[in-house]
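No hydrogens, no waters, no symmetry mates; every other heavy atom, side chains included, goes into these values. Being a predicted model, the structure only gives us computed values, none of them experimental. Ligands are counted one by one from 1 in listed order, and the atoms in each one are counted from 1 as well.
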Amino acid sequence: MSTPETLVGGFPSGFRWGVATSAYQIEGAVSADGRTPSIWDTFCRVPGAIDNGDTGDIACDHYHRMPADVALIKDLGLDTYRFSVAWPRVQPRGKGPVNAAGIGFYDRLVDELLAQGIDPWVTLYHWDLPQELEDAGGWPVRDTAYRFAEYAMLVFDALQDRVTTWTTLNEPWCSAMLGYAYGLHAPGRREYPAAIAAVHHLLLGHGLATQQMRAAAPRKLDIGITLNVATAYPASDAAPDVDAARRADGMGRRIYLDPLVHGHYPADVVADLAREGVELPIEDGDLEIIAAPIDVLGVNYYFSQKFTGYAEDGSTVDGNGLPVSRDVPLGRPRTAMDWEIVPEGFTDLLLGIARDYPGLPMVITENGSAFDDVADENGYVDDTGRTAYFTSHLGAVADAIAQGADIRGYLAWSLMDNFEWAYGYVKRFGIVRVDYETQTRTPKQSALHLKQLAALHRVGRTA
Ligand code: IFM
């Protein structure tokens with residue numbers, strides 16, 4: 001059983017302790033200062049798309065409460081804040097010059113963070129594509145990659161004098177697959193070939209932006225990308241199960257990391273796609289752009305899964321003649337998202353990345369859990385489930401470090417309860433409770449726990 005002292009002893013000095021958020025999930029103020037609609041503003045209007053018909057119109061009203069929210073991070077003694085910039089605020093309609101009022105918000109946010117001794121970490125794209133770019137085809141269209149690089153440079157020019165760490169994209173798997181294959185996220189399309197084209201164009205946009213930011217950087221900056229990745233375990237040693245896990249790992253992890261680090265897509269994944277009649281729209285020179293060197297890989301981890309290649313009736317091919325792949329329970333307790341709690345999957349994941357992509361420093365850019373919080377009369381939540389989740393997952397990170405993985409920080413998801421996409425406001429991931437009626441913020445037990453760990457680590461109190 002680890003104590004806070006033994007737990008923090010597993011992290012090297014200089015290790016970052018922080019929190020993360022994203023623009024659409026917290027800012028609100030969707031029409032302020034020239035912002036135009038994003039695909040999420042549109043998707044939230046689709047009947048049935050979001051639980052309770054919730055929208056990000058107000059969210060946590062962070063746009064108007066930013067200094068107080070930064071003070072919260074300061075009070076928790078955390079050293080890093082990862083936030084995303086809303087493309088339709090900075091470049092309304094996805095084209096043209098920078099919108100001074102829009103970038104002004106992030107300019108003030110960066111100054112406020114620095115004044116409080118907190119390192120600002122910018123994510124350029126956390127899913128809020130300007131609607132006009134979706135109307136022109138969205139990520140399945142190659143031009144969107146070039147539009148993204150142009151927008152990235154607008155933000156970069158404004159903030160690079162004070163921001164050292166840059167993430168191009170957050171979780172391109174979600175943008176491509178949830179948005180264009182499964183229709184669960186904006187823009188809500190169900191077109192598998194378009195989703196595969198989106199994978200490639202997201203990576204191309206990342207590479208173009210990385211190259212251009214690097215070329216323009218007047219000093220050493222850390223530029224990278226954040227992926228949501230997991231360990232895919234086979235349900236047994238039987239060949240169909242092993243192959244189902246290989247395919248899940250291929251589409252969830254290697255299809256991104258292989259081109260980013262090795263400069264080519266994995267041959268087995270390309271063959272799987274060909275069997276499905278789908279092809280990545282690669283043009284000459286694209287892979288060199290995508291493999292532009294990065295300084296840091298952001299790892300977002302929530303759960304792992306076990307896969308079988310057998311259907312319930314025992315067959316190994318589906319009605320289309322394609323191999324069966326389905327996830328089956330590992331038999332673990334679950335969070336309110338119905339995600340299984342699998343901390344050792346985190347260790348296995350981090351060690352797997354260190355093995356397959358050596359020399360790539362990692363930071364945990366998101367990790368956290370939703371539980372059905374119950375607040376007392378003061379708004380305080382004794383969130384033992386979330387606190388235990390943090391403890392076990394930090395332990396998993398420490399185990400990976402002890403076994404040689406280069407991991408340089410841990411950013412909890414999320415600073416505060418917020419708009420959880422298709423689940424609206426029902427699912428709460430915050431370490432700080434938000435009362436959406438009054439916008440009151442109250443740190444939960446998990447926030448106080450992370451505060452204690454960060455403080456112990458800072459003063460070197462380890463056992
Ligand atoms: O809330 C999301 C976040 O926007 C991206 N990563 C996963 C989180 C929890 O679902």
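Using a non-hydrogen distance threshold of 4.0 Å, K427 does not register as a contact of ligand 1.
When only interatomic distances are considered, the shortest N/O to N/O separation between Q25 and ligand 1 falls below 3.5 Å. Polar contact with ligand 1: present for H126 (N/O pair, distance under 3.5 Å). In terms of N/O distances under 3.5 Å, ligand 1 is not approached by W127.
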Check against ring pair (Phe, Tyr, Trp, His ring centres under 6.0 Å), W139 and Y125: CA-CA 12 Å; W139 285 109; Y125 184 74; 5.4 Å; yes
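Each of T231, L227, T226 was checked for a side chain to side chain contact (heavy atoms under 4.5 Å, CB included) with V229, and the lone residue meeting it is L227. Screening L124, N99, I103 against V90 for a side chain to side chain contact (heavy atoms under 4.5 Å, CB included) leaves a single residue, I103.
Ring centroids of Y233 and F307 are separated by 6.0 Å or more, keeping the two rings apart.
Below 4.0 Å from some heavy atom of W421 lie the following atoms of ligand 1, by number and element: 1 (O), 2 (C), 3 (C), 4 (O).
If you check which protein heavy atom lies closest to atom 6 (N) of ligand 1, you get E366 OE1, 2.5 Å. The single protein non-hydrogen atom nearest to atom 8 (C) of ligand 1 is Y302 OH, 3.4 Å, given as residue, atom name and distance. At the shortest separation from atom 10 (O) of ligand 1 among protein heavy atoms lies E420 OE2, 2.6 Å.
Defined by atom type and a distance below 3.5 Å, a donor-acceptor pair is present between the side-chain atoms of W17 and H457.
The side-chain heavy atoms of I364 and F346, taken from C-beta on, include a pair separated by under 4.5 Å. Side-chain atoms of F156 and L221, non-hydrogen and from C-beta on, do get closer than 4.5 Å to each other.
Residue contacts with ligand 1 for W339 involve side-chain atoms from C-beta outward but no N, CA, C or O (heavy atoms, distance under 4.0 Å).
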